Undergrad: 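Before we start, here is the structure in question, set down as structure tokens.
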There are 2 protein chains.
Amino acid sequence: MSPTIKDVAKKASVSLSTVSLVINGKSNVRDETRKKVEAAISDLGFHPRRAARGLASNKTNNIGFILTEDHFSRAEPFYTKIFLGTEFEARKYNYYILLTTVPKKFNENLHLPRFLLERNVDGVILAGKVPTKLIDIIQKANLPLILIDYSTPTHKTSKVLIDNHQGTSLAVEHLIQNGHSKIAFIGGEISHPSICERLRGYEETMHKSNLSTSNLIFCNEPNTDVNNGYEATCSLFKKGSPFTAIVASNDTVATGAMRCLREKNINIPQDVSIIGFDDIEVCLQVEPRLSTIKVFKEELGAIAVRRAIDGIESKTLLLEKTIIPAELVIRESTGRAPNS
Amino acid sequence: MSPTIKDVAKKASVSLSTVSLVINGKSNVRDETRKKVEAAISDLGFHPRRAARGLASNKTNNIGFILTEDHFSRAEPFYTKIFLGTEFEARKYNYYILLTTVPKKFNENLHLPRFLLERNVDGVILAGKVPTKLIDIIQKANLPLILIDYSTPTHKTSKVLIDNHQGTSLAVEHLIQNGHSKIAFIGGEISHPSICERLRGYEETMHKSNLSTSNLIFCNEPNTDVNNGYEATCSLFKKGSPFTAIVASNDTVATGAMRCLREKNINIPQDVSIIGFDDIEVCLQVEPRLSTIKVFKEELGAIAVRRAIDGIESKTLLLEKTIIPAELVIRESTGRAPNS
DNA sequence: ATGAAAGCGCTAACAG
DNA sequence: CTGTTAGCGCTTTCAT
């Protein structure tokens, strides 16, 4: 058996409660006593058992991380990075992250995460678009809740968001500086607030520069995967205005667009420039390498964890909204507009 | 406060221990009593608190999942899928997965995962190449241990492996059937047993068909990322024999090779065929779509969880070695050899 | 500043 | 088959 607080107490010749005070970093311990206890702890290689602490203090030191199944499989590299960010940050504060997924069509009787039922988390982080019913349930359970990359007007929650609007602004400005004026926007799932904001950022920046967007927006796709990018680009060719650049709603969509361009023997970036959003691995694996708007994914996760812990430890659920700027990354898929 | 076993006992007019017996599915409870208890449980929406169970039973119902940091960032989509496989399977058995990473250059005093120190897991799964020191420590702690996609001759452990050898055999045979005979193998990190086996599978299948591999193997790269694939292919051009097909040690390496081919204006698959290994998302995002050897990643994770639970619940650590076959996936990057 | 004692919610002998 | 009882290892009043 590993040593317990009792062993430590004996070794340091103090009482159990004194050891407990030291473990929990409470102030009212004489320095000398603290030293003694700390020595005993490190001598014995003592580590408090979580289960015991949890039972006594009614706290789990776990944070639940929930995303929808299809988000995690479709946009995997994006959410994996966010998750990793949460894990690293949680470690610093001695929390564990419990990750789980829920189906897109969520049924609260079937799919409620176990850690919610078992009250095995002190707070919850939701990433991406999630069922609003799930938000309701978590709020009713009175658990600190942080949304990442999602927000809904009907629910008041803390959230950590990407500056999508600024992101596509950056993208459009970069293209304009390269002499482009006929710039298209493609990608689906406008129902996701982030995608919608990306579209708005594009539109506003275009209009601010007196550029037309008519017949240059193709967002009727139901999703944001490779095929949607491909289809949207096909539509752009069939029904759209002429263009020399494409802003894609994310990197995956951009790769679909690239496929379409290649099929039509259009050179990137000589004939058409293309820029993505997110900065996932694939940007470096396609040919040419994809310019994009970088999202600080690990940071999003880390900040969410800090907010969650704030909520857990302060007991006052203050609602904070944090917006993280995005950053332009220029690679090989964007260049001067033809004849400019 | 959520209901406790006490509330259930009162409601069902039985004792605490009877409720406990029901919860734990022990057999010695009269059917009628069980029904009564179950009704009370569902009426109250009772869920046993993990911390309490854990403390009383000295069991956590957690399984630790450890991988090296650079594995998780470099070969992220691969390991993410394995991790997801563990999570889904663990759910069925009421376990949680605690994921954490350790640095490649592992120092046991600095980097020992918390859940090991705090004895907060009942078993451990290691994925990919991990420090052997870590294996030592886990075995010394007498925790059931399962390796995924790794094995070391110096340690006796249960493991779940990919049939790498058969995988590259499949790849080579597919190419031979398409008229290729000058087939190269590229990719680095032969120190990883999996990569080494992939090389061996290639070699043996080539030799079995009386094909030469001389000056067709380029594996001096230190890693298996995009650049290594690129560099290995450059070497192949500079120092190698002529070839019409490439077997890459994984998909990421394959994308690097594709970059090199494109730079040299070599068409895939008209001039050179290329096939990867793993079947990660990027296969569908590059142009042309990459033929590959599919690894059942979620399955690897799921089986590892079952093995771990076997070990936890049986208390007898039997060493099992499970090998999962790989599968040929033909897409657009492989075709008939030129002039055949 | 430190110690004594109660108890968190459950499991696990043991009795009956 | 069911109930009684004693902890599991820690936190947390409450005294001192």
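These figures come from a predicted structure and were not determined experimentally. In the text below, chain A, chain B and the rest are named by the order of the sequence lines, each starting its count at 1.
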Undergrad: Show me the side-chain donor-acceptor pairs of residues 124-138 of chain A shorter than 3.5 Å, one per line, residues at least two apart or across chains.
TA:
| residue | atom | partner | partner atom | Å |
| --- | --- | --- | --- | --- |
| A/Lys129 | NZ | A/Ser191 | OG | 3.1 |
| A/Asp136 | OD1 | A/His155 | NE2 | 2.6 |

Undergrad: Between atom CG in A/Leu55 and atom P in D/dT12, what is the gap in whole Å?
TA: 12 Å
Undergrad: Decide yes or no for B/Phe115 and B/Thr100: does some side-chain heavy atom of the first lie under 4.5 Å from some side-chain heavy atom of the second?
TA: yes
Undergrad: Going by distance alone, is a donor N or O of one side chain under 3.5 Å from an acceptor N or O of the other, for A/Arg119 and A/Asn58?
TA: no
Undergrad: B/Thr4 near the nucleic acid: base, sugar-phosphate alone, or nothing, with a heavy-atom cut-off under 4.0 Å?
TA: sugar-phosphate
Undergrad: Which of these passes side-chain contact (heavy atoms from CB on, under 4.5 Å) with B/Ile324: B/Asp149, B/Val160, B/Asp163?
TA: B/Val160
Undergrad: Report yes or no: do B/Ser15 and B/Thr18 form a side-chain donor-acceptor pair below 3.5 Å?
TA: yes
Undergrad: Checking B/Ser314 side chain against B/Asp310 main chain: does a donor-acceptor pair fall under 3.5 Å?
TA: yes
Undergrad: Between P on D/dT4 and NZ on B/Lys6, what's the gap in Å once rounded to a whole number?
TA: 13 Å
Undergrad: Through what angle, rounded to 10 degrees, does the axis of the helix from C/dA1-D/dT16 to C/dG16-D/dC1 turn between its ends, using five pairs per end?
TA: 30°
Undergrad: Checking side-chain contact (heavy atoms from CB on, under 4.5 Å) for the pair B/Ile309/B/Tyr95: CA distance, chi angles, key distance, verdict?
TA: CA-CA 9 Å; B/Ile309 295 175; B/Tyr95 277 77; 3.7 Å; yes
Undergrad: To the nearest Å, give me how far apart NZ (A/Lys59) and P (D/dT12) are.
TA: 10 Å
Undergrad: Main chain of A/Leu318, side chain of A/Ser158: is a donor-acceptor contact present, judged purely on distance under 3.5 Å?
TA: yes
Undergrad: Nearest-Å distance, CG (A/Leu44) to P (D/dC10)?
TA: 12 Å
Undergrad: Distances under 3.5 Å only, N/O to N/O: pair up the protein atoms with those of nucleotides 1-5 of chain C.
TA:
| residue | atom | partner | partner atom | Å |
| --- | --- | --- | --- | --- |
| C/dT2 | OP1 | A/Arg30 | NE | 3.4 |
| C/dT2 | OP1 | A/Arg30 | NH2 | 3.1 |
| C/dT2 | OP1 | A/Thr33 | OG1 | 2.2 |
| C/dT2 | OP2 | A/Arg30 | N | 2.7 |
| C/dT2 | OP2 | A/Thr33 | OG1 | 3.2 |
| C/dG3 | OP2 | A/Ser15 | N | 2.6 |
| C/dG3 | OP2 | A/Ser15 | OG | 3.1 |
| C/dG3 | OP2 | A/Thr18 | OG1 | 2.8 |
| C/dG3 | N7 | A/Ser17 | OG | 3.1 |
| C/dA4 | N6 | A/Ser17 | OG | 3.0 |

Undergrad: Do A/Tyr96 and B/Glu118 have a side chain donor and acceptor closer than 3.5 Å?
TA: yes
Undergrad: Could you state the CZ-P distance from A/Arg50 to C/dG9, rounded to the nearest angstrom?
TA: 20 Å
Undergrad: Rounded to whole Å, please give me the gap between CD1 in A/Ile23 and C1' in D/dC10.
TA: 8 Å
Undergrad: Specify the separation, in whole Å, of atom CG of B/Asn120 and atom P of D/dC10.
TA: 13 Å
Undergrad: Starting the side chain at C-beta, find the nucleotide from C/dC8, C/dC10, D/dC10 nearest to A/Ile5.
TA: D/dC10
Undergrad: Nearest to the side chain of B/Arg49, heavy atoms from C-beta on, is which of C/dT11, C/dG9, D/dT12?
TA: C/dG9
Undergrad: Does A/Asn24 place a side-chain N or O at less than 4.0 Å from the phosphate oxygens OP1/OP2 of D/dT11?
TA: yes
